[in-house]
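FYI, side chains are in, hydrogens and waters are out, and symmetry mates aren't considered; it's all heavy atoms of this structure. Every chain is numbered from 1, with letters handed out A, B, ... down the list of sequences.
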2 protein chains.
Amino acid sequence: MLDKIDRKILNLMQRDAGRTNAQMADEVGLSPSTCLRRVRRLQRGGFIDRIIAILDPARAGRGLKAIVTVELDRHGAHEQRRFLELACAQTAVVQAYAVTGQTDVVLMLRLRDMEELDQLCERLFREGSGVARFFTMMVIRTAREETAIPLEV
Amino acid sequence: MLDKIDRKILNLMQRDAGRTNAQMADEVGLSPSTCLRRVRRLQRGGFIDRIIAILDPARAGRGLKAIVTVELDRHGAHEQRRFLELACAQTAVVQAYAVTGQTDVVLMLRLRDMEELDQLCERLFREGSGVARFFTMMVIRTAREETAIPLEV
DNA sequence: CACATTTATGCAATATTATTGCAAGACTTG
DNA sequence: CAAGTCTTGCAATAATATTGCATAAATGTG
């Protein structure tokens with residue numbers, strides 16, 4: 001379905017979709033019109049989901065990151081769904097996953113400061129929230145943070 | 001530094017940077033030229049880091065996600081750095097964090113299949129890699145996965 | 001509060017960039 | 001090998017981004 005040039009285009013756009021079509025065409029060795037037609041095809045085909053801007057977290061006032069693992073009291077589907085909904089409703093929660101293993105849910109948080117973490121924990125983990133235990137890991141260093149999906153060229 | 005309209009622009013662009021400047025101008029209630037000047041200012045000022053394409057993971061052949069927590073044998077800075085470098089060199093590792101808590105490192109993986117996970121574990125966690133324990137959590141359901149940084153309007 | 005200075009705004013003109021029709025070439029399939 | 005399908009590049013056209021400029025708003029200063 002995808003040939004080598006398609007994957008090249010996707011890889012370029014995953015890292016920088018800000019350049020002009022002419023530049024891209026040049027980099028993948030096609031004429032601008034052909035290159036653009038491929039990009040449109042990749043969009044219509046659903047390979048490219050959307051084009052977005054990535055902000056600088058620190059400048060946006062949310063330089064703090066935390067990862068939280070959550071174990072629920074009972075491990076039913078209903079209980080889990082209820083908790084995930086509550087979690088997703090929190091501004092600071094940017095990723096929320098139901099997972100296998102000892103833990104039921106993993107959350108990734110983007111926080112303004114520790115106070116916000118405190119308030120968030122109040123809301124998510126207070127008595128009666130169905131949470132048995134949770135472990136908060138503050139991110140000390142981000143060694144890698146890619147949105148790009150690895151594509152073999 | 002940022003006024004209400006700037007934040008509106010950033011919020012729009014975090015979700016969809018594919019629309020035309022004229023459309024955006026309309027949505028934030030500015031003329032196209034003024035709107036564009038703001039966008040350029042936000043880029044030059046470093047608030048907007050870059051514009052990228054988000055691919056459909058399943059279509060890109062990496063529909064499997066996993067989260068791995070890693071405890072190292074010794075908790076020195078050197079040991080940690082060495083392990084993070086090794087981890088970041090792996091194609092499937094899209095996020096890698098040094099964190100506080102029981103765990104030293106958290107990895108987010110994007111996998112083609114379980115076999116790739118198997119091979120990855122071989123490389124990262126074999127004898128002598130300095131890893132004491134690791135816990136692999138397969139993602140069952142993604143309730144939320146935002147690249148957007150929460151900005152109060 | 002009045003004034004000067006800076007900054008942001010919209011319009012219109014201009015420059016760039018994206019898009020499409022078309023003919024030629026490449027590839028597939030029977 | 002021939003008919004059909006798809007892809008390509010070029011050139012024309014359409015759409016979009018960018019800039020000069022005059023005006024308006026905001027901000028600072030005495």
Side-chain angles (χ1 to χ4, degrees), chain A residues 1-62 112 147-153, chain B residues 1-62 146-153:
Chain A
M1 193 101 182
L2 295 179
D3 69 9
K4 195 178 246 180
I5 297 183
D6 287 323
R7 289 192 293 273
K8 231 178 185 176
I9 290 175
L10 290 175
N11 268 331
L12 285 173
M13 291 191 68
Q14 284 198 102
R15 265 111 197 159
D16 177 10
R19 76 195 94 195
T20 68
N21 176 57
Q23 282 179 292
M24 266 230 316
D26 200 51
E27 292 186 60
V28 302
L30 288 177
S31 76
S33 60
T34 304
C35 181
L36 184 66
R37 271 187 283 245
R38 277 185 183 248
V39 171
R40 295 295 178 237
R41 182 156 54 74
L42 292 168
Q43 287 178 320
R44 269 181 284 114
F47 295 97
I48 296 174
D49 184 46
R50 58 198 201 281
I51 307 290
I52 62 165
I54 299 291
L55 308 192
D56 179 338
R59 293 243 172 168
R62 288 185 176 268
R112 178 173 305 286
T147 48
I149 291 166
L151 277 185
E152 9 278 303
V153 185
Chain B
M1 193 99 183
L2 295 180
D3 67 8
K4 195 178 248 180
I5 296 184
D6 287 324
R7 288 191 293 272
K8 232 178 185 176
I9 289 175
L10 291 175
N11 268 332
L12 285 174
M13 291 190 70
Q14 283 198 104
R15 263 111 198 160
D16 178 10
R19 77 195 92 193
T20 68
N21 176 57
Q23 282 178 292
M24 265 230 317
D26 199 51
E27 293 185 58
V28 302
L30 288 177
S31 77
S33 61
T34 304
C35 182
L36 184 67
R37 270 188 282 247
R38 277 184 184 249
V39 171
R40 294 297 177 237
R41 182 156 54 76
L42 291 168
Q43 288 178 318
R44 270 181 283 115
F47 294 97
I48 295 174
D49 185 45
R50 58 199 200 281
I51 306 290
I52 62 164
I54 298 291
L55 307 192
D56 179 338
R59 294 243 170 166
R62 288 186 176 269
E146 283 275 343
T147 48
I149 291 167
L151 277 185
E152 9 278 302
V153 185

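A straight line from CD1 of B:Ile5 to P of C:dA8 spans 12 Å, rounded to a whole angstrom. As a whole-Å value, the separation of A:Gln43 CD from C:dA18 C1' is 12 Å. Atom CD in A:Gln23 sits roughly 9 Å away from atom P in C:dA18 (whole-Å rounding). Counting to the nearest Å, the C1' atom of D:dG9 and the CG atom of A:Leu30 are 10 Å from each other. We find that CG of B:Asp3 is positioned 12 Å from C1' of D:dA26, with the value rounded to whole Å. Rounded to whole Å, atom P of D:dT18 lies 11 Å from atom CZ of B:Arg44. Computed from coordinates, the A:Leu36 CG to C:dT17 P distance equals 13 Å when rounded to whole Å. We find that CZ of A:Arg37 is positioned 13 Å from P of C:dC22, with the value rounded to whole Å.
Among the heavy atoms of the strands lying under 4.0 Å from B:Ser33 is at least one base atom, whether or not backbone atoms are also near.
Of the candidates B:Asp16, B:Ile9, B:Leu10, B:Ile9 is the only one forming a side-chain contact (heavy atoms from CB on, under 4.5 Å) with B:Met13.
Counting all heavy atoms, side chain and backbone alike, A:Arg7 lies closest to A:Leu2 at NH1-O, 2.9 Å.
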Could you go step by step and tell me if B:Arg50 and A:Arg15 meet the side-chain contact (heavy atoms from CB on, under 4.5 Å) rule? CA-CA 8 Å; B:Arg50 58 199 200 281; A:Arg15 265 111 197 159; over 6 Å; no

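Two residues are said to be in side-chain contact when any heavy atoms from C-beta on lie closer than 4.5 Å; A:Met1 and A:Phe47 meet this criterion.
In this structure, B:Thr34 does not reach the C:dT9 phosphate: none of its side-chain N or O atoms is under 4.0 Å from OP1 or OP2. An OP1 or OP2 oxygen of C:dT19 is reached within less than 4.0 angstrom by a side-chain nitrogen or oxygen of A:Arg40. Applying the 4.0 Å criterion to OP1 and OP2 of C:dT9, one finds that B:Arg38 has a side-chain N or O inside that range.
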